[in-house]
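In this chain, residues are counted from 1 in sequence order.
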Amino acid sequence: MRNMKKLLSLVLCVALAAALMLPMSFASAEETNMHGITTMGDSVSTGYGLIQTDTSWANGELTPTADGQLEYVKRPLGMHVMVPNSYSGIVAQNLGINSTNKDSWYYNHCRAGFRTIEEIRMLDPEYDASMMGDIMSDQFILGQTGHSEMTPDELAAFRAEGQQDIKNSKLVIIGLGMSDLGVPLTLAFNLLFEEIAQAGGANPKEIETVTNATTEVMNNGGGAEQVLLTGLGVAESIGYLPQAIISFIQAELQSEVGFANNYKQLVKTIFDLNPNCTVVGLSMINTFKDLTLTGISPVKAGKIADIGVGIFNSVIQSASPGEQYDYRYCDIVDTPLKGYSTPSLAISAVTLQLINTYNEYFDNLHPMEEGHAWIADRIMETLGPDFSLGLDGSVPVNPGSNDRYNDVHRGDWFYEAVEYCATKGYMTGVDNRVFAPNMALSRAMVAQILYAMEGKPGGAPGGKFSDVPDSAWFAAAVNWCAQAGVVAGMDDGTFAPEANVTREQLATMLCSYTRYKGKDASPNGNIDQFSDVGLVSFWAVDNIKWAVGHGIMAGKDGNVIDPTGNATRAEMAQMIFRLTTNVL
């Protein structure tokens, strides 16, 4: 008996040790594809203004300078473009990413004029409906002449790949903020000079011309510096400098609220996608620290900019969502810049001279090779000597030509389900090579999918719903679903084909389809463990219990079932996959 007790004790110890080691094993498996770097930022991060001698990588996107040299002033030309001598390129090379493996491990999310909101909208599908516009129009952000020089097609490509980039990355570098400050300054500039014109302080036509010209330059890559410089310069030339200073200070303070929310949300989004990566948040740079407006002006533009830069940097410094995440702040406030040829900048209210003067100084607001090397050194110091990407020749999970859809890739939780539904012909893409996994599911889509699962039988009479004409692409599907009792219409006699389907409505439709097929539709699941079970509508309780009990529907993060949340196309594919596997 004593030996038996010893044996049982040994077995229990082994089992306990194995249980304790399981989470470690899972974590290790998740990290096997984490060898890359994702860098996100604005014009400084793109390497704007860097002189280039090797032109083989740039596809002609280099601009000649006055002395005949070539400088890089465009956005990156692709997801893996590593601009020579840029700080992100230097860091990548220091950590072992080079010309032979950069296409696998270097992810470039930088664009001139990018703000935190643009990056969030690339990584968070909840922003799909609003695209890139918020207080600024889509035209201001997107298009060949847009502020970020990003076309809608490029946006779609970024979104298709962006989340996987983060999942592949051991290191994410964020260099955003200046354009977040620039947009509120732009609005303040326009409002201020409208007031000046109305007060008779200047010719309204001249003010309008200056404002339009400034906006045009902003569209071509300008930032907060341009707006501050232009606005204060014009205000000083017509005697409205005090009002301009107050207006810009107010705009800086107002912009802090939005930036604080957006930056912290961006960091959280990154860690939601990859909780095991290291995120380095770069401070903003005050590019006007020693510049005065005119030779006789007592006002230094940099002193005003210091307010916003200081507030923004405090947000960046405190952006970690929790101690369990590896978030590091990197102070690059004192980055060496190209510098100014004169200690002060004379501003004229004459439009062309004003804009030309700004263009002449725009290069000086960006770090050159010395500055980028300095930033790279600060980043490496922040990472420390023990930091390593662990490059071992592994191949990352990257979108490729073998993928059926540009936005569905191996490693996505819904990949197998989408492939299954596509192969069976139950679901197709919404466009060429686009599945839109995070798009809300409409009632017409559900009807079409169930109709396809049934083999698209004909013969169902039409005319039941006033908003389902016979010519509609979903007419045959809706008519069959109505005849079969799978999907019902609305109380007013309509079907509402474009209305979004909630998760509890989808569970109800799938349960009805299962009952139509003569299969088990008993409500045998326990849903009391979900914290939001009280939100389930009374008519959907049994349907949710059925879906949970048969493994069709699972909970979401936070231990919720989210009954009234919109169902997505990815969720539909997963539920169909489980339904056909577990029940039908």
Q. With distance as the sole test, does N274 use its side chain to make a donor-acceptor pair with the main-chain N or O of S169 at under 3.5 Å?
A. yes
Q) More than 12 foreign heavy atoms under 6.0 Å from CD of E323: is that the case here? A) no
(Q) Using only atom types and a distance under 3.5 Å, with no angle test, would you say the side chain of T39 pairs donor to acceptor with the backbone of N108? (A) no
Q: Establish, for the pair R569 and F435, whether the NZ or CZ atom is under 6.0 angstrom from the six-membered ring centre and no further than 45 degrees off its axis.
A: yes
Q) Looking just at side-chain N and O atoms, do N168 and Q164 make a donor-acceptor pair shorter than 3.5 Å? A) yes
Q. With a 3.5 Å cut-off and no angle check, do the side chains of T382 and Y329 form a donor-acceptor pair?
A. no
Q | Note, W374 side chain near I332 side chain (heavy atom, < 4.5 Å) | A | yes
**Q.** Validation row: L171, V91 side chains within 4.5 angstrom (heavy atoms)
**A.** yes
Q: Please report the closest heavy-atom contact between F577 and A417, naming both atoms and the distance.
A: CB-CB, 3.9 Å
Q.
Show the nearest heavy-atom pair for residues I316 and Y327, with the distance to one decimal.
A. O-OH, 2.6 Å
Q: Answer with yes or no whether the side chains of R378 and T335 bring together a donor and an acceptor at under 3.5 Å.
A: no
Q.
Strictly distance-based, threshold 3.5 Å: is any side-chain N or O of K170 a donor or acceptor partner for the main-chain N or O of S388?
A. yes
Q: Report the distance from atom CZ of R503 to atom CG of L441, rounding to the nearest 0.5 Å.
A: 12.0 Å
Q) Does atom CD of E381 have more than 12 heavy-atom neighbours from other groups under 6.0 Å away? A) yes
Q) Just by distance, do the side chain of T581 and the backbone of R578 share a donor-acceptor pair under 3.5 Å? A) no
Q. Does E369 use its side chain to pair, donor to acceptor, with the backbone of N85 at less than 3.5 Å?
A. no
Q. Any idea which heavy atoms bring F271 and P321 closest together, and the distance?
A. CD1-CG, 3.7 Å
Q: Grab the two heavy atoms, one from D532 and one from I561, that are nearest each other, plus how far apart they are.
A: OD1-N, 2.9 Å
Q) Does some side-chain heavy atom of Y325 sit less than 4.5 Å from a side-chain heavy atom of V267? A) no
Q) Under 4.5 Å between any side-chain heavy atoms of L266 and L176, yes or no? A) yes
Q.
Just by distance, no angles: are the side chains of E419 and T423 close enough, under 3.5 Å, to form a donor-acceptor pair?
A. no
Q. Donor-acceptor pair, N500 side chain versus A567 backbone, under 3.5 Å?
A. no
Q: For residues Y263 and G281, report the shortest heavy-atom separation together with the two atoms involved.
A: OH-CA, 3.4 Å
**Q.** V83 side chain reached by T46 side chain, heavy atoms, under 4.5 Å
**A.** no
Q. What are the two closest non-hydrogen atoms of G175 and Y87, and how far apart are they?
A. CA-OH, 4.2 Å
**Q.** Rounded distance (nearest 0.5 Å) linking atom CD1 of I90 with atom CG of L95
**A.** 12.0 Å
Q.
Applying the side chain to side chain contact (heavy atoms under 4.5 Å, CB included) criterion to D165, which one of L273, V172, T38 satisfies it?
A. T38
Q) Taking the side chain as C-beta and beyond, is there a heavy-atom pair between T568 and P437 under 4.5 Å? A) no
Q: Output the distance between atom NE2 (H109) and atom CD (E119), rounded to the nearest 0.5 Å.
A: 6.0 Å
Q. Does some side-chain heavy atom of I174 sit less than 4.5 Å from a side-chain heavy atom of I270?
A. yes
Q. Hey, is the main chain of I120 close enough, under 3.5 Å, to the side chain of T269 for a donor-acceptor pair?
A. no
Q. Measuring from C330:SG to Q317:CD, what's the distance to the nearest 0.5 Å?
A. 11.0 Å
(Q) Between L50 and S86, is there a side-chain heavy-atom distance shorter than 4.5 Å? (A) yes
(Q) What's the separation between atom CE in M82 and atom CH2 in W105, rounded to the nearest 0.5 Å? (A) 13.0 Å
Q. Short question: side chain of Q163, backbone of L123 - any donor-acceptor pair under 3.5 Å?
A. yes
Q | Interatomic spacing from NE2 in H80 to OG in S104 - rounded to 0.5 Å | A | 7.5 Å
Q.
Under a 3.5 Å distance rule, please check whether S531 uses its side chain to pair with a backbone N or O of N559 as donor and acceptor.
A. yes
**Q.** Side-chain donor or acceptor of N101 paired with backbone N/O of N98 under 3.5 Å
**A.** yes
